[in-house]
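Everything below concerns the one structure shown next.
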Amino acid sequence: MNDSITTIEELLAHPKVQGLVSQEDAERIAESLGKSELASKEPMYIRILSGIGAWFTAAFLILFLGISHIVESGMGAIICGIIFLVAAIIIARSSKAAFLSQLSLALALAGNILVLGGAAAEFGRYEISVVLITHAVVCAVVYPLYANSIYRFLAPTALVALATAWIVEEEVFVLMHVLIGAETLLSGILLLRKKRPPLLTPLVYSAATMLPATLLFMNLTQMNIWRTDFDGPLWPSSLLLAGGLIYLYFHLAGGLKRLREPWLILAIVSTILLGIFTTPGILVAVGLLIVGYAFGDRILTALSYLFVPCFLVFFYYALNVDLANKSWVIAGSGVLLLVVRWIVGRCQPKEVAT
């Protein structure tokens, strides 16, 4: 019995593989493997120092632009920002070295900020609506072109943050429910998509972060440090999230044909009860936990564990809900979830146990 491991070169040279892969594709695979092997030989401390050096280089470049008075006008800032963004895209596409990769990220973030600041100064007198629209355009153009996971995570997240700030400034708080509904829909589409291209992977985690962050912000605005007159009801968001959770149950269970399963009926009834009397944050935490365990995603699971204590602290100190209602919501949600866990533990169906 031959226990030797076949190398990629040997596999590409096999007659059966040669009939499936063209010579050009084989050369590209070999070139890609060569670059990967070369990059992996760089020691970790060299890559860290290269990354730090790249950020210092970008910082000195931005400082030079400020000293030379090039970015004093709004249009000058926009032009410099666009140049930075184009340079970041070109650098990212030409090399994967640590120095150039971090330099491109620094240029992309700085360019984005310059474009937003320039647009606000030139067109909107620093109005949030102008910044929001400008960032939406920049994000839509740069996201597919600039293959950097950090930027692809931060840019959509910042877009939602700007949308939230605009809602608070304009005091159209009913749109918070629309925003939460849009975030729930986007998260569901991305997470439940069967064939998801790598392009959308950072957007998945951004969408999963947007929803709890929006709810934390809603509670933050009701604390003494930053009080906003947000007196609207929370039940529209709770109903939207409960509906999203129920759809998630059916998707993971295999469709409506499993509706007669006792454990699924229990999950649906408990979710409806949570949607009626609890706060939206509890439903988001449950959803993130279910998705994290269902897809084996430790990041989403960790996010749910981190979100729960943060949300409970913010919710406890919110001034728009009286203490008795807070106690009822927190204690009632906990008792309901514990009862469901006990019943499921007694029934212990295979679908839930695994």
Side-chain angles (χ1 to χ4, degrees), residues 35 38-39 42 46-166 169 197-207 209-210 213:
K35 290 181 179 179
L38 183 62
E42 287 186 347
I46 293 294
R47 283 186 277 176
I48 293 175
L49 291 176
S50 297
I52 295 174
W55 281 91
F56 271 106
T57 302
F60 284 126
L61 179 58
I62 296 170
L63 182 62
F64 165 76
L65 293 176
I67 294 175
S68 60
H69 305 289
I70 296 177
V71 295
E72 281 192 344
S73 65
M75 189 56 65
I78 293 174
I79 294 173
C80 289
I82 293 175
I83 293 174
F84 278 19
L85 289 170
V86 172
I89 294 171
I90 294 174
I91 292 173
R93 289 176 173 267
S94 61
S95 176
K96 299 297 181 183
F99 178 84
L100 293 177
S101 177
Q102 292 300 316
L103 178 62
S104 69
L105 177 60
L107 290 175
L109 295 178
N112 201 327
I113 294 173
L114 283 173
V115 172
L116 297 185
E122 188 71 20
F123 304 111
R125 297 181 181 178
Y126 301 100
E127 293 182 1
I128 296 180
S129 58
V130 175
V131 178
L132 174 62
I133 296 173
T134 304
H135 184 62
V137 174
V138 172
C139 185
V141 174
V142 177
Y143 186 97
L145 298 176
Y146 182 48
N148 185 282
S149 299
I150 297 176
Y151 180 85
R152 287 177 171 175
F153 171 83
L154 292 177
T157 307
L159 181 62
V160 174
L162 288 172
T164 306
W166 178 82
E169 184 184 70
L199 172 74
L200 296 178
T201 300
L203 187 58
V204 171
Y205 294 108
S206 178
T209 306
M210 294 174 196

Check: In Å and rounded to the nearest 0.5 Å, what is the CD1 to CG distance from Ile79 to Leu114?
Finding: 11.5 Å
Next item on the list: Please report the closest heavy-atom contact between Thr157 and Met210, naming both atoms and the distance.
Entry: N-CE, 4.0 Å
Notebook entry, point to check: Roughly how far, to the nearest 0.5 Å, is CG of Leu109 from CG of Leu85?
Noted result: 9.5 Å
Next item on the list: Verify, without hydrogens or angle tests, whether His135 (side chain) and Ala155 (backbone) share a donor-acceptor contact under 3.5 angstrom.
Entry: yes
Under 3.5 Å, side-chain donor or acceptor atoms of residues 158-166 against the rest of the protein: list the pairs with distances, not counting sequence neighbours.
residue: Thr164; atom: OG1; partner: Val160; partner atom: O; Å: 2.9

Next item on the list: Output all residues satisfying side chain to side chain donor-acceptor pair (under 3.5 Å) with Thr209, sequence neighbours left out; order by chain, then residue number.
Entry: none
Check: Can you tell me how far the CG atom of Leu100 sits from the CG atom of Leu107, to the nearest 0.5 Å?
Finding: 10.0 Å
Next item on the list: Please report the closest heavy-atom contact between Pro144 and Leu199, naming both atoms and the distance.
Entry: CA-CD1, 4.0 Å
Next item on the list: Taking all non-hydrogen atoms of both residues into account, name the closest pair between Thr134 and Ala119 and its distance.
Entry: OG1-CB, 3.4 Å
Check: Taking all non-hydrogen atoms of both residues, which atom of Phe153 and which atom of Ser206 are closest, and how far apart?
Finding: O-OG, 3.3 Å
Note to self: What's the separation between atom CG in Leu132 and atom CG in Leu116, rounded to the nearest 0.5 Å?
What the structure shows: 10.0 Å
Check: Where do Val142 and Asn112 land on the side chain to side chain contact (heavy atoms under 4.5 Å, CB included) test, with the steps shown first?
Finding: CA-CA 9 Å; Val142 177; Asn112 201 327; over 6 Å; no
Notebook entry, point to check: CD1/Ile89 to CG/Asn148 distance, rounded to the nearest 0.5 angstrom?
Noted result: 11.0 Å
Notebook entry, point to check: What's the shortest heavy-atom distance between Leu200 and Tyr143, and which atoms?
Noted result: CA-OH, 4.0 Å
Note to self: Please check: side-chain N/O of Tyr146 versus main-chain N/O of Ser104, any donor-acceptor pairing under 3.5 Å?
What the structure shows: yes
Notebook entry, point to check: Can you name the nearest heavy-atom pair linking Pro156 to Tyr151, along with the distance?
Noted result: CD-O, 4.1 Å
Margin query: Quick one, Leu203 and Arg152 - any side-chain contact, counting heavy atoms below 4.5 Å?
Written below: no
